[in-house]
Structures are given as C-alpha cells and as structure tokens.
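Atoms within each ligand, like the ligands themselves, are counted from 1 in listed order. Predicted model, so just to flag it, every value in this text is computed and none were measured.
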Amino acid sequence: MDIRKLNMDEEPPMDLLLLADPSQKHVQEYVERGECFIAKIGSETIGVYVLLPTRPETVELVNVAVLEDHHGRGIGKQLVMNAIQIAKSKGYKTIEVGTGNSSIGQLAFYQKCGFRITGVDIDFFIRRYTEEIFESGIQCRDMVRLSQDL
Ligand SMILES: CC(C)(COP(=O)(O)OP(=O)(O)OC[C@H]1O[C@@H](n2cnc3c(N)ncnc32)[C@H](O)[C@@H]1OP(=O)(O)O)[C@@H](O)C(=O)NCCC(=O)NCCS
C-alpha cells in the first residue's frame, strides 16, 4: 500500500470522504483548505485522510476513511500513524480529531490510535448539520474531541 499526498491535478476521492462525513459541502470546504492524502493499492484508492491546520502548532485530522471491504485490516490505523508522522515532520505539537457521540466504533478506533478524550462540544452536530444523524440507535448531537501530543 502506498500513502501519498493528492496531486494538484487529481480529484479528491469524494465517495470515500463521504463515508466519514455526510456533508458534501463541509468536505469540499475542508479539502480545499487542508491537505488530502490517499492510500492506493495498485490503481485503486482504498483510503484517505485530510489534515487541516486549526491553531498555531495544532493540526486536525478532519477526515479518515477506508473503503468498506478493506475495513478491519489495519489500514485505518496505518493512515492515522502516517498522518501523525506528517504532522510531526511539519513541526506541529498537537494533533486533534473529533467524532460524534454516537460513533462508538470510531471512538474505539481513535483511542487505539493513541488519542485521548479532551472535551465535548455540546450540540455541535445540531448546530452544523441540517439533517438528523442516528447511529446505533443514538442521535448524533455532540462532538467528542480527542487529541494527542506529537
Ligand atoms: C474508522 C475506520 C477509518 C477504521 O478503519 P479500519 O481500517 O477498519 O481500522 P483498523 O483495521 O486499522 O483498526 C485499528 C484498530 O481499531 C479498532 N477498530 C476499528 N474500527 C472499529 C470499530 N468499528 N469498533 C471497534 N474497534 C474498531 C480495530 O479493532 C483495531 O484494533 P487493534 O489495533 O486492537 O487491532 C473505518 O471503519 C472507516 O473508514 N469508517 C467509515 C468512515 C469513518 O467513520 N471515519 C471516521 C470518521 S469520525
């Protein structure tokens, strides 16, 4: 598997990005402002992540996604580890990520990638998304913030 930055002349893999974030508008906006990295096996794009600088010395992993039939093989973790290495090499001191209160699997995944919960942004998804989101029978309302020192 090869992980590399998306070239200027390449389209971002929108189908993959939308697996992690249902809002095409939000995805387009942060892909333009941030840096998009893709994972390829041969000619197939099987993973993506996006890094977005947010505050001095802090970068946020705003999207990470793996093609569904490749889940559970360690690819997501390799993408996050790659994002951490890239962020470190650029001199950032902290990497952050956020996920919904209803995203139980993602909360497990990020903690297994070394993130610690640092806060909760109450009603984040109610404020930012027009559609109601439900996962595991739980309404997605709050953004759970996680971070790790680099
Ligand atoms: C979240 C996602 C990127 C994980 O990718 P993946 O390649 O399946 O994850 P990995 O195989 O690298 O898993 C790494 C670790 O996290 C754990 N993990 C991954 N998904 C999990 C889940 N849904 N529930 C519990 N644990 C999970 C794995 O068991 C593994 O644990 P280990 O290190 O002890 O073996 C992938 O499920 C995905 O693309 N989901 C859709 C998009 C999305 O929701 N992105 C996150 C937005 S907040």
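For atom 9 (O) of ligand 1, the nearest non-hydrogen atom of the protein is Phe109 CE1, 3.7 Å. What sits closest to atom 23 (N) of ligand 1 on the protein, heavy atoms only, is Gly105 CA, 3.3 Å. Atom 45 (N) of ligand 1 has as its closest protein heavy atom Val64 O, 2.8 Å. The shortest contact between atom 41 (C) of ligand 1 and any protein heavy atom is with Leu19 O, 3.9 Å. The nearest protein atom to atom 25 (C) of ligand 1, hydrogens excluded, is given as Ala108 CB, 3.6 Å; this is a heavy-atom distance. Residue, atom and distance of the protein heavy atom nearest to atom 48 (S) of ligand 1 are Thr99 OG1, 3.1 Å. Looking from atom 11 (O) of ligand 1 to the surrounding protein, the closest heavy atom is Gly74 N, 2.8 Å. What sits closest to atom 39 (O) of ligand 1 on the protein, heavy atoms only, is Val66 N, 2.8 Å.
Taking the side chain as every heavy atom from C-beta outward, Leu51 and Leu61 approach each other to under 4.5 Å. In this structure the side chain of Met81 reaches within 4.5 angstrom of the side chain of Ile84, judged on heavy atoms. Side-chain contact between Met143 and Arg127 is absent, with no heavy-atom pair separated by less than 4.5 Å. Proximity of Lys90 to Glu35: side-chain heavy atoms (C-beta onward) are separated by under 4.5 Å at one or more points.
Ring geometry, Tyr129 versus His26: the interplanar angle exceeds 60°, so the pair is classed perpendicular (tilted spans 30 to 60°).
Taking every non-hydrogen atom of Ala20 and a distance limit under 4.0 Å, the qualifying atoms of ligand 1 come out as 42 (C), 43 (C), 45 (N), 47 (C).
Annotation: His70 places no N or O atom under 3.5 Å from an N or O atom of ligand 1; distance criterion only.
To the nearest 0.5 Å, the span separating CG on Asp21 from CD on Gln28 amounts to 11.0 Å.
For atom 8 (O) of ligand 1, the candidate residues are Gly72, Gly100, Gly98, Gly76; the nearest heavy-atom contact is made by Gly72. The residue among Lys77, Met81, His71, Lys112 with a heavy atom at the shortest distance from atom 33 (O) of ligand 1 is Lys77.
Contact annotation for Tyr110 and ligand 1: only side-chain heavy atoms (C-beta onward) come within less than 4.0 Å of the ligand. When non-hydrogen atoms are compared, ligand 1 lies under 4.0 Å from the backbone of Arg73 (N, CA, C, O) but not from its side chain.
Within a 4.0 Å radius of atom 16 (O) of ligand 1, the protein has at least one heavy atom. Atom 28 (C) of ligand 1 lies below 4.0 Å from none of the non-hydrogen atoms of the protein.
A continuous path of hydrophobic side-chain contacts links Leu6 to Val27 [ILVMFWY only; heavy atoms under 4.5 Å].
Scored by the side-chain hydrogen bond (donor to acceptor under 3.5 Å, both in side chains) test, Gln139 finds no partners at all (sequence neighbours excluded).
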Can you give the donor-acceptor pairs under 3.5 Å from side chains of residues 104-112 to other protein atoms, not counting sequence neighbours?
from   : atom 1 : to     : atom 2 : distance (Å)
Gln111 : NE2    : Leu107 : O      : 3.0

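With hydrogens and angles disregarded, no donor-acceptor distance shorter than 3.5 Å links the side chain of Glu44 to the backbone of Ile41.
At a 4.0 Å cut-off, not a single heavy atom of Ser103 sits close enough to ligand 1 to count as contact.
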